Each structure stands twice: as structure tokens, then as C-alpha cells.
There are 2 protein chains.
Amino acid sequence: MTETAPGAPDPVTDDTLDGFVGYLMKRAFAAVQTDLARTLEPFELRMMTFSALVVVVDNPGLRQSDLAQALSVERPNLVVIVDELERRGLIRRQQMPTDRRAYALVPTDAGRGLCRRATAAVKAHEDRILSGLSANQIDQLSDALRAIRRTAEE
Amino acid sequence: MTETAPGAPDPVTDDTLDGFVGYLMKRAFAAVQTDLARTLEPFELRMMTFSALVVVVDNPGLRQSDLAQALSVERPNLVVIVDELERRGLIRRQQMPTDRRAYALVPTDAGRGLCRRATAAVKAHEDRILSGLSANQIDQLSDALRAIRRTAEE
DNA sequence: TATTGTTATACTCTATAACTATA
DNA sequence: TATAGTTATAGAGTATAACAATA
């Protein structure tokens with residue numbers, strides 16, 4: 001029985017919880033993340049590997065520690081992400097001549113190509129999940145999220 | 001050396017990534033979640049145990065499966081959460097006379113008291129992280145998050 | 001047969017400590 | 001001595017399969 005019977009109890013909702021912006025953010029982000037994961041699946045990318053690839057393509061030659069800071073990921077967690085992207089031939093670790101401890105990360109042609117196609121798919125995904133909002137509402141939402149992050153990280 | 005030296009390279013930013021609402025949501029939520037965890041720490045609650053407690057206090061007598069659906073948590077994951085709240089004497093599992101498979105969840109006096117104090121702390125936390133936004137902007141943000149969740153869950 | 005709560009399990013994401021090789 | 005990358009490890013959060021008791 002999955003149909004609502006006449007006189008069946010209403011599903012539980014909660015005005016207290018739904019009044020918290022933090023809870024709304026969690027639930028909305030979870031829904032977005034689920035749809036995004038489906039979107040990236042054909043490219044064998046997850047949100048984190050996609051994000052890392054985008055940053056490397058946009059900032060060729062950056063060091064791993066730069067990438068970790070840009071993504072707010074601890075360095076140990078970034079290692080497996082870079083490993084995966086390098087194993088798939090999407091980026092390369094290049095020894096830096098000026099500092100032999102560090103690696104410069106550069107995208108390959110294959111990495112740039114996959115990044116372009118995945119980015120187009122993600123844009124389509126965003127158009128879909130934001131289809132209920134006007135362009136102005138999307139701008140205000142983006143500004144609000146940036147403001148919240150800035151305030152909460154202080 | 002943590003100070004910015006004159007001529008030091010700028011920290012990496014990325015306009016492509018920062019243009020994705022999904023990425024902004026992830027980063028903003030992560031910052032909010034970190035601050036919320038600190039807020040709930042004195043009550044020995046996490047976001048999930050706090051949410052569960054609020055729903056039980058607001059809907060005394062609901063079944064575990066109702067709570068799972070309300071929180072969008074799979075039933076197996078809810079067991080340990082209910083275990084923890086019950087072990088701490090904040091809620092109780094009551095056998096339902098009408099269906100001996102199910103438990104009705106009811107808050108204790110201690111649970112209601114802790115819920116009230118934790119809710120006040122969370123409200124203060126929200127006021128803090130939302131201090132950069134007007135009341136109207138907060139309403140619009142909440143509406144946008146609800147709309148996104150609705151669209152993405154379709 | 002289907003459902004409630006449960007157990008066991010596994011996978012992802014994230015965080016910390018400690019190691020190595022360089023600086 | 002400090003830093004870049006690495007290894008090992010541990011903790012959350014979340015998902016599925018399968019079970020016992022009950023409907």
C-alpha cells in the first residue's frame with residue numbers, strides 16, 4: 001500500500017525544522033547532489049573529481065597544495081583525487097624545476113575535452129534544477145550563498 | 001610563512017566553479033554545518049540527532065518509519081539515532097497496542113527541555129550566519145531552496 | 001505476502017597524525 | 001626548522017540486503 005487511503009494519516013512534516021535555513025540548505029543540497037551525481041556518471045566523474053578537473057583546466061600549472069586550498073580539501077584527501085585523474089590520463093603531475101618537493105598539475109588534451117563536455121552537462125543540470133527561478137532570483141540566491149559562507153567562515 | 005609576501009602568487013580562485021549554484025550550495029552548507037556543529041556540541045547533539053529530537057517533540061507518538069520519512073533517512077540509519085536519543089533519556093520507544101511491530105516515539109521531559117534549549121541556540125546560530133541578509137532576503141533564500149529541492153527531487 | 005524494526009555491511013567524504021624528501 | 005606530497009587511519013553520513021516478528 002503506497003497509495004494514500006482515505007483517512008490515512010498525513011505524512012509527518014515539521015514547521016520548526018523547515019524554518020531553519022541550515023536544514024533547508026541540507027535538504028536542497030542533497031537533492032541537487034543526487035541529480036548532479038547522475039549527470040556526471042556518464043563521464044565517470046563525481047562532484048569532487050569534476051571540481052578538481054575544472055580548477056586544473058582553468059589554472060594549468062598550479063601546485064597540489066594550491067588546488068587543495070582552492071577546493072577547501074585537506075591535502076591527504078586530494079592525493080587520491082589527483083591519482084584518479086592522472087590514472088585516467090586527464091591531468092599530469094609535472095615536477096617543478098624551482099621546487100623539487102612540489103608538483104605542477106596540468107590538464108591533458110583528453111582532460112580538457114572531458115572537462116568541456118562535462119561542464120556542458122552540468123550547465124544543463126543547473127538549468128534544470130533552477131528552472132523554477134528567474135535569472136534575477138538565481139543571482140540573488142548566489143549572492144546570498146556567498147554571503148552566508150563568508151559570514152559563517154569568519 | 002603565512003603572511004602574503006609582496007609579489008607572492010594570488011590564491012587560486014575559479015570563476016567557472018564559482019558560477020555553479022551547486023558548488024556554492026556545497027561550500028555554503030559546509031561552512032554552516034561546521035558552525036552548527038559547534039553550536040550543538042555543548043548539548044552533545046549533532047545535526048541529525050537534533051533534527052530527530054525536534055521532529056519527535058513536535059510530533060509525539062509518531063512511528064520510527066514516519067520519522068525516517070520525515071528526515072529522508074533510511075530506516076537502518078535511524079535505528080542508531082533513536083538508540084542514542086533513548087539511551088540519553090530524551091525520547092522513549094513505546095509499543096503500539098494497535099501494531100505490535102511498531103514503536104511510537106515520545107519525548108521525555110528531559111528531551112523537551114533539551115530540545116527547547118538547543119533550539120534557542122540554533123536560532124542564535126542562524127541569526128549569526130544570516131546577519132548579512134535582510135529579512136526579505138532570508139525569505140527569498142528559503143523559498144528558492146524549497147523550490148530547488150522540489151524541482152530536483154522530481 | 002507485505003511491513004516494522006533490526007543487523008550486518010560497505011562506500012563516500014572528510015579529518016588528523018606521522019612519514020619522506022626536499023627547502 | 002618548515003613545507004609538499006604521501007600514507008595510514010578513523011570518524012561521520014548514507015545506502016542496500018537480509019532477517020525475525022507481526023500484520
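No experiment lies behind these values; they were computed from the predicted model shown. Letters A, B, ... are given to chains in the order of the sequence lines, protein chains preceding strands, and every chain is numbered from 1.
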- Message: A side-chain contact here means heavy atoms from C-beta on lying under 4.5 Å apart; do A/F50 and A/T119 qualify?
- Response: yes
- Message: Measure CG/A/D99 against C1'/D/dA2 and give the value in whole Å, please.
- Response: 12 Å
- Interatomic distance where CD1 belongs to B/I91 and C1' belongs to C/dG5 [whole Å]: 14 Å
- Message: Test of understanding: with salt bridge (Lys or Arg N to Asp or Glu O under 4.0 Å), list the residues that count as partners of A/R150, not counting sequence neighbours.
- Response: none
- Residues B/D83, B/R93: salt bridge by 4.0 Å N-O rule: yes
- Item | Spacing of A/M96 atom CE relative to D/dA4 atom P, expressed in whole Å | 11 Å
- Query: Charged N to carboxylate O below 4.0 Å: is that the case for B/R92 and B/E86?
  - Reply: no
- In sequence, state the C-alpha distance, the side-chain angles, and the governing distance for A/S72 and B/R27, and then conclude on side-chain hydrogen bond (donor to acceptor under 3.5 Å, both in side chains). CA-CA 9 Å; A/S72 280; B/R27 299 297 293 269; 2.6 Å; yes
- Query: What do the steps show when you test B/R128 against A/E154 for salt bridge (Lys or Arg N to Asp or Glu O under 4.0 Å), and what is the final call?
  - Reply: CA-CA 11 Å; B/R128 194 177 342 120; A/E154 265 167 14; over 6 Å; no
- Message: Can you measure A/E74 atom CD to D/dA4 atom P for me and round it to whole angstrom units?
- Response: 13 Å
- Task: Starting at atom CZ of A/R100, determine the distance to atom C1' of C/dA21, rounded to an integer number of angstrom.
- Result: 9 Å
- Query: Side chains of A/N59 and A/D66: does their closest heavy-atom pair fall under 4.5 Å?
  - Reply: no
- Query: Quick one: what's the B/S/- string for nucleotides 6-12 of chain D, heavy-atom cutoff under 4.0 Å, read 5' to 3'?
  - Reply: BBB----
- Query: Short question: side chain of B/R88, backbone of B/E44 - any donor-acceptor pair under 3.5 Å?
  - Reply: yes
- Query: Is there a donor N/O on one and an acceptor N/O on the other, under 3.5 Å, for the side chain of A/R101 and the base of D/dT3?
  - Reply: yes
- Query: Hey, is the side chain of A/R63 poking within less than 4.0 Å of OP1 or OP2 on D/dA4, counting only N and O atoms?
  - Reply: yes
- Message: Whole angstroms only, please: what is the CD-P distance between A/Q69 and D/dA4?
- Response: 10 Å
- Would you say C/dG5 has OP1 or OP2 under 4.0 Å from some side-chain N or O of B/S65? yes
- Are B/I91 and B/L40 connected, step by step, through hydrophobic side chains (Ile, Leu, Val, Met, Phe, Trp, Tyr) whose heavy atoms are closer than 4.5 Å? yes
- Note on the structure: Expected list for residues 26-42 of chain B near DNA chain C, using heavy atoms below 4.0 Å, is B/K26
